[in-house]
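Below is one structure, written out as structure tokens; the observations come after it.
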Amino acid sequence: MGVNSGASAIKNFLQINPIAQNLKSTKPNSTINTILSHLEAGCLKKAVSLLFSSPFPFDLPLYGRLFQLCSASRAIVEARKVESHLISYYDPPPTFLLNRAIEAYGKCRCLQDARELFDEMPHRDGGSWNALITAYAKGGFPSEALGLYLDMNRSGVSPSEVTFASVLGSCGVLLELGFARVVHGFVVKLGYGGNVIIASALVDVYGKCDEIVDARRMFDEIDRPNAVSWNVIVRRYLEVGDERQSVFMFFQTIRAGVRPLTFTFSSALVACSNRQAVLEGVQIHGVVIKYRHEDDEKVATSLIDMYMKCNDVVSARKVFDQPGVKDLLSWTSMVSGYAMAGRLKEAQELFDKMPERSIISWNAMLAGYVRSGQWEEAQSFIFKMCLNIYDADGVTLNLLLNVSAALSDIEYGRQIHAYIYRHGFESVIYVKNALFDMYGKCGALRRARICFHNMSGQRDTISWNSLLNSLAQHQMNVDVITMFREMQKETTPNEYTFSTLLAACANIFAYSQGKQIHGFMIRNGYKIDVVSLDALLEMYSKCGYLEYALKVIKTAKPGDTILWNSMIIRCCHHGKAREALALFDLMKEIGVKPDNVTFQAVFNACLCEGFVDEGKRYFDAMINDYGITVKLEHYECMINLYTRYGAMKELGKILKMPFKPTVSMLTRIFDACKVYPSPRLAMWVAKKLNKLNQN
DNA sequence: ATAGGGTTAG
């Protein structure tokens, strides 16, 4: 070991041939002055190049300063030269300076150099261990860092606060909860529990390991949390999905009088977007302005994102149009916002104007087309994309697979599969999931089965949901229910699982299974969102248990008008118009606001049972009490009602509508006139129809 | 003569 290190080669050379020590410079002071003036001018390279024109040792602080500069500018070549000079003229060189050298190598990500120097040091102290452990931890080798920490303990060197900080960071990366707990004990034993940096690191590890309660307990133990501590707790709450607490802790930061970091703003704003909490988002915007962060691109990006995800496009645009916030990120965010809001024209326009684009910008735009199901547009966008990018990533491949699945284009899907194989994306679980999903949706069940089998050992909830979906899509309803049992042996279902499952139950009228699933959801505390609630209603209604569905719908949120609408429609399908109308009354009682679709459904219910007077009353109420603009569809319903039951007088009145009657309306009126004689109306409609026929 | 914790667009 160590033969490849430049520094050690020179050292070996000097040991057998120490001519350097015999050289004498005529003007040592002039050399050092030139070096200092280069450093003053910020020119590290020039300063270092002059080192060896002085065959004398320099003062120790100069080496220290040089190493620090090398660290800061990641100058590996210079760091090696400084080390050479140091070990040439000091024997032995002071340990603290070699520690600085290890740090410099670490910062330059030359872990090999750091390790060799460490191994060859004649005398090591705790600082040397710390420098190397930090180098590994920060250089992306957390397990090596932990290994070194164990070596350190074995060699009898006591860890310090610095050691613990790095070690806890590595535990966080590796999700080594057990290791972290042991370290925590040691921290307390050595009396470092009050150190805010270590305490924050502990909060971070516990949070990352999903132990948010312990994280919070640790946080509460900190005497005076600083900006980083607050940042950590806000972030960790966000990442475990407790957005409410995340936002709450953000405002606590302000109350504690701590100025939040820009990162903290971003986290809190993401938390707001996830909860659609625009009011809190606006408050955070206020804090942004108070702390003069408005023109920080990163904060602005988070603001744009928050407003976009809360459907406030105007405010998002306002932030974006502020001077000085436009960068790649905020452009991308804006495009993504438009795209995800389904405003693809605006998204594409902005995308075309972007001064530069990253793969994420391309993905964002494509995701918009995919989300809105605009497959043809997606295809032509992909064509352009292929000509312009060379760095497709996992997300790109996912989207491409979604497109080929939607178009059932298995040929294209296979090509993407080949690309995935060639570029080593096969190990990425979400790419695999999308691939499997594609084969399933294209009906290539044999290929899908192979994919699913190949994924054994790393299948997650999404893989299983995909399987259930593809079975459901092929009407294999019984298999959906069977495979759900298999799924539970391997992973836990989520809300999406249940909507598929309940739909399968509904298709085969499997009431008892459906009911069991409902019970399962309740027992296991799944939140029943609009989609699964709708699936439940559908299952109970289809299985003929309307009363039960009615019981369930009362647990819906007042905002979910759609659920009530589809429930009213379902009642009509079962010929239960009275129940449908009762539902409408119940809506009023509970405070659910009906919309135009609700009234269409209500009119249809009246049509089923021949409730002409009620229909007219509801129609008037829609206009006068609810202020809903009457659409052509509503007139259609009313005309159906009046023609079917011969309410010719009302029919005549309603025809003064602000729309041109459609052909089907006219035909229906004409037919009604034959059953319920109404000469004037007959004349009017005959004229209209004739005119149409002539044209 | 010193080190250390947090990382933001799909």
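So that the names make sense, note that chain A is the first sequence line, chain B the second, and so on, each numbered from 1.
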How long is the line joining CZ of Arg124(A) and C1' of dT2(B), in whole Å? 19 Å
In whole angstrom, give the distance that lies between atom CG of Leu98(A) and atom C1' of dA3(B). 15 Å
Going by modelled atom types, is there a donor-acceptor pair between the base of dG5(B) and the side chain of Asn226(A) at under 3.5 Å? yes
Integer-rounded Å distance: dG4(B) P and Leu202(A) CG: 18 Å
Is there a donor-acceptor contact under 3.5 Å from the side chain of Tyr90(A) to the main chain of Phe58(A)? yes
List the steps and the verdict of salt bridge (charged side-chain N to carboxylate O under 4.0 Å, His left out) for Asp220(A) and Arg217(A). CA-CA 5 Å; Asp220(A) 288 337; Arg217(A) 197 175 297 144; over 6 Å; no
Which part of the nucleic acid does Asn195(A) contact within heavy-atom distance under 4.0 Å: base, sugar-phosphate only, or nothing? base
Could you state the CD1-P distance from Ile197(A) to dA3(B), rounded to the nearest angstrom? 10 Å
Whole Å only: how far is the CD1 atom of Ile102(A) from the C1' atom of dG4(B)? 16 Å
Measure all distances between protein nitrogen or oxygen atoms and nitrogen or oxygen atoms of nucleotides 7-9 of chain B, and list the pairs falling under 3.5 Å.
unit_1: dT8(B); atom_1: O2; unit_2: Ser266(A); atom_2: OG; d: 2.6

Does this structure show an ion pair linking Glu144(A) with Arg115(A), if we count only N-O contacts that are shorter than 4.0 Å? no
Check every strand shown and say whether Val395(A) touches a base, only sugar-phosphate, or nothing at a heavy-atom separation below 4.0 Å. base
Between Ser463(A) and Ser466(A), is there a side-chain donor-acceptor contact under 3.5 Å, judged purely by atom types and distance? no
Under 4.0 Å between any heavy atoms, over every strand shown, what does Met365(A) touch: base, sugar-phosphate, or nothing? Just pick one. nothing
Would you kindly check if the NZ (Lys) or CZ (Arg) of Arg235(A) is within the cone defined by 45 degrees around the ring axis of Phe263(A) and under 6.0 Å from the six-membered ring centre? no
Rounded to whole angstrom units, what separation is found between the CG atom of Leu60(A) and the P atom of dA1(B)? 8 Å
Indicate, with a heavy-atom threshold strictly under 4.0 Å, whether Ser267(A) touches base, sugar-phosphate, or nothing. nothing
Please report, rounded to the nearest Å, how far the C1' atom of dA3(B) is from the CZ atom of Arg65(A). 19 Å
Please report the distance, rounded to the nearest Å, between CG in Leu97(A) and P in dA3(B). 14 Å
With a non-hydrogen cut-off below 4.0 angstrom, is Gly64(A) in contact with a base, only sugar-phosphate, or nothing? nothing
is_close_aromatic(Trp129(A), Phe118(A)), centroid dist under 6.0 Å: yes
Any base atoms under 4.0 Å from Val203(A), or only sugar-phosphate, or nothing? Heavy atoms, all strands. nothing
Under a 3.5 Å cutoff, is there a donor and acceptor pairing between the side chains of Tyr338(A) and Glu349(A)? no
